[in-house]
Amino acid sequence: MISDAKGEDNQPDNYTLTIALKACAGLQLLKQGEILHGVLRKNEKIGLDLFVGSALIEFYSKCGKMRDASKVFKEFEKPDVVLWTSMVSGYEQNGCFEEAVAFFSERVVEKGVDPGHVTLVSLVSACAKLSNLKLGRSVHGFVIRRGFENELCLVNALLNLYAKTGFVKAAEILFRRMAGKDVVSWSSMIGCYSHNGHAVEALRLFNDMINKGVQPNAVTVVSALQACAVACDLGEGQRIHELATKEGFDVEVSVSTALIDMYMKCLSPNEAVNVFKKMPRKDVVSWAALLSGYSQAGMAYKSIGVFRDMLSSGIQPDAVSMVKILASSSELGILRQAVCLHGYISRSGFDSNAFVEASLVELYSKCGNLDYAVKVFEGSIDKDVVLWSAMIAGYGIHGQGGESLKLFEQMVKSSAARPNNVTFLSMLSACSHAGLVSQGIEIFHMMVNEYGLNPSSEHYGIVVDLLGRTGELDKAMEIINQMPIPVEPHVWGALLSACRIHHNLEIGELATKNLLHLDTNHAGYYILLSNMYAVDGKWGNVEKVRTLIKEKGLKKMFGQSMVEISNEVHSFVADDKFHPECEKIYELLRQLEVIMRLQLEQLYGIFEAPLSFKIT
DNA sequence: TTAGGGTTAG
């Protein structure tokens, strides 16, 4: 229409151009929109209209061209609220959260412009994405002062801010006080509970919503499914699956992916595969959910198979799927495969991702090559807590507790990374493996007194293990008695193992009594106790424990070991009934290597060099 | 204005 326009009478007016620009924005038609902008520049009569200006800004921001949007904005001497709101939301929608906040502050603080509630929605969203609770709360204060408390979109955005920053109490209060709630408010609150680990509350609220007759949407269902995954609640998950199917939400990729994740976390891999197979369209996230599920379930072989199938169906892996495949590989501990994956990663450009780096350090540590782990660690430009913790743990696995301690000191003194709960777990475990009792206890006190961290049951378990290994059973008992949190089975288990090593039947029986009380189904604990009786020749008691194992229907898993000798994998099994799987695993890894090589060749040309990564 | 799969220990 524009290009055919001849003569002034046929020229489009502001109204027409605004609509045309909005259409280009919606369809992301960059070229056509730019032509419209050209027409505008030529026609002085309609050049600087605020309506057209905001349409232009919106168009450029939808096409990801914030520089051009900014140029348009600067052409206006007297921009109105709508115009600069388009800029704030443009930055926010393009993931430039800092810029959104900066642009807002510049207008409000320096130029004294009064923002409207629509502007604040984008600002609050930017705060949520940046996890900037401080700024978000001051915006909340402003919202109250300006009387915007009944603007639904704005309150929903604030709800989301508190959800993302883990401020569950504030979200609850806001949600309770909301006069009108829409499906977004309900979904946000359910999501808030799920993301912050309050699965029971999330599911209670979801059912509450249904009972009140509020119609859920696909987003609500995704949040509720996440809650089922967190709570390992298969029954509820299946009910929500039925509901999703009935409402037709299951055709959405996000819902199917959440279903796969839920089934995997509820230990039902077959159900997860069924959902996956039915998906008409699968993307890298849905593949990764399956891969991640197998990896977390300890089914490394399956996980690697999924990765192979993903590559051969032409899906490009992303950082998340790489992290998961590295985790599965570290379970197999085959160095050749680690080197091969490292080669693939560095050639695909994932090697500067912090998550990937930490997983590589873990992988090389678990494959027994600490030197390679150190090379990856040292090669990282921006070391975060996770990378430091992974390297500390790496030394720990190899019994080099002294190195772990040194690295910890270096981390505290010369980096911006602050140790967290997992760093201390790695430290304690390193001390335990190396028999560094006093240092371990010191670390434990440091964690509480200097860093103000609350030790979890896992931390206590390692401290008990640490004391127990060197025979300080009374001190271990004292630690357990002073625990301010419930004593979980693995803590008693650590004590029991120590009793087995140092042959203390009295404390061993006490530990077992507590384990029985907690109704654990870990066969290993009972076998430990039975062995202790056997050493003393107390065969009557051995018989009693063995009967108990049978009554509970417990089975001890048989172990299988694999050893890599000059690129060949050999397997040893504890029982003849188990067929060695190593042939199959080796074949799978070979196939994977071929596919990775093919993919790299297609993407970047032919490689003369072997895929296996050489570390110099 | 809400949304799917991630890192470190054992």
Side-chain angles (χ1 to χ4, degrees), chain A residues 89 92 117-118 120-122 124-125 128 151-161 163-164 182-192 194-195 216-226 229 249 252-262 264-265 272 279 282-293 295-296 317-327 330 353-363 365 384-394 396-397 417 419-430 432-433 456-459 461-462 465 490 493-494:
Chain A
S89 66
E92 196 270 324
H117 74 270
V118 184
L120 295 170
V121 171
S122 294
V124 173
S125 298
E151 293 295 341
L152 191 55
C153 290
L154 186 50
V155 183
N156 282 341
L158 283 164
L159 197 59
N160 181 44
L161 165 84
K164 290 278 156 59
D182 63 358
V183 64
V184 177
S185 330
W186 285 92
S187 307
S188 300
M189 194 61 223
I190 293 165
C192 172
S194 302
H195 288 136
N217 62 16
V219 182
T220 331
V221 165
V222 166
S223 295
L225 285 170
Q226 287 170 331
F249 298 144
E252 301 221 12
V253 189
S254 62
V255 174
S256 297
T257 307
L259 279 168
I260 293 170
D261 183 54
M262 180 276 291
M264 278 298 191
K265 290 189 177 144
M279 287 176 80
K282 303 163 176 90
D283 63 6
V284 65
V285 184
S286 26
W287 277 97
L290 202 63
L291 183 69
S292 166
S295 165
Q296 265 150 18
D318 63 356
V320 179
S321 41
M322 284 320 303
V323 161
K324 281 294 149 192
I325 200 66
L326 292 176
S330 67
N353 178 294
F355 285 35
V356 174
E357 281 175 331
S359 303
L360 270 173
V361 168
E362 186 207 356
L363 174 63
S365 304
D384 67 353
V385 207
V386 180
L387 190 68
W388 282 99
S389 308
M391 196 62 245
I392 288 170
I397 294 168
N420 64 15
N421 282 312
V422 184
T423 320
F424 281 104
L425 268 177
S426 307
M427 285 300 300
L428 290 171
S429 139
S432 173
H433 286 310
S456 69
S457 181
E458 279 77 20
H459 294 95
I462 303 179
D465 183 63
H490 68 95

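Side chains included, hydrogens not; waters and symmetry mates left out as well; all remaining heavy atoms used. Chain letters run A, B, ... following the sequence lines, proteins first and then strands; every chain starts at 1. Remember, it's a predicted structure, so these values are computed and weren't measured experimentally.
A 4.5 Å side-chain heavy-atom check between His433(A) and Ile397(A) finds every atom pair outside the cut-off.
Backbone-only engagement by Val222(A) is indicated by non-hydrogen atom pairs under 4.0 Å involving sugar-phosphate atoms exclusively. If you check every strand for non-hydrogen atoms under 4.0 Å, Val121(A) touches sugar and phosphate atoms only.
In this structure, Thr423(A) does not reach the dT8(B) phosphate: none of its side-chain N or O atoms is under 4.0 Å from OP1 or OP2. Residue Lys265(A) places no side-chain N or O under 4.0 Å from the OP1 or OP2 atom of dG4(B). Proximity of Gln226(A) to the phosphate of dA3(B): no side-chain N or O atom is located under 4.0 Å from OP1 or OP2. Taking only side-chain nitrogens and oxygens, His490(A) never comes nearer than 4.0 Å to OP1 or OP2 of dA9(B). Between Lys164(A) and dT1(B), a side-chain N or O to OP1/OP2 separation shorter than 4.0 Å is absent.
Of the candidates dG6(B), dT1(B), dG4(B), dT1(B) carries the atom nearest the Asp182(A) side chain, counting heavy atoms from C-beta on. Nearest to the side-chain atoms of Asn160(A) among the listed nucleotides dT7(B), dT2(B), dG4(B) stands dT2(B).
Within 3.5 Å, a donor on the side chain of Asp318(A) pairs with an acceptor on the base of dG5(B), or the reverse.
Not counting sequence neighbours, Glu252(A) has no partner by the side-chain hydrogen bond (donor to acceptor under 3.5 Å, both in side chains) test.
Within the 3.5 Å criterion, the main-chain N or O of Asn156(A) finds no donor-acceptor partner in the side chain of Ser188(A). Remark: the backbone N or O of Ser321(A) is paired with a side-chain donor or acceptor of Asp318(A) at under 3.5 angstrom.
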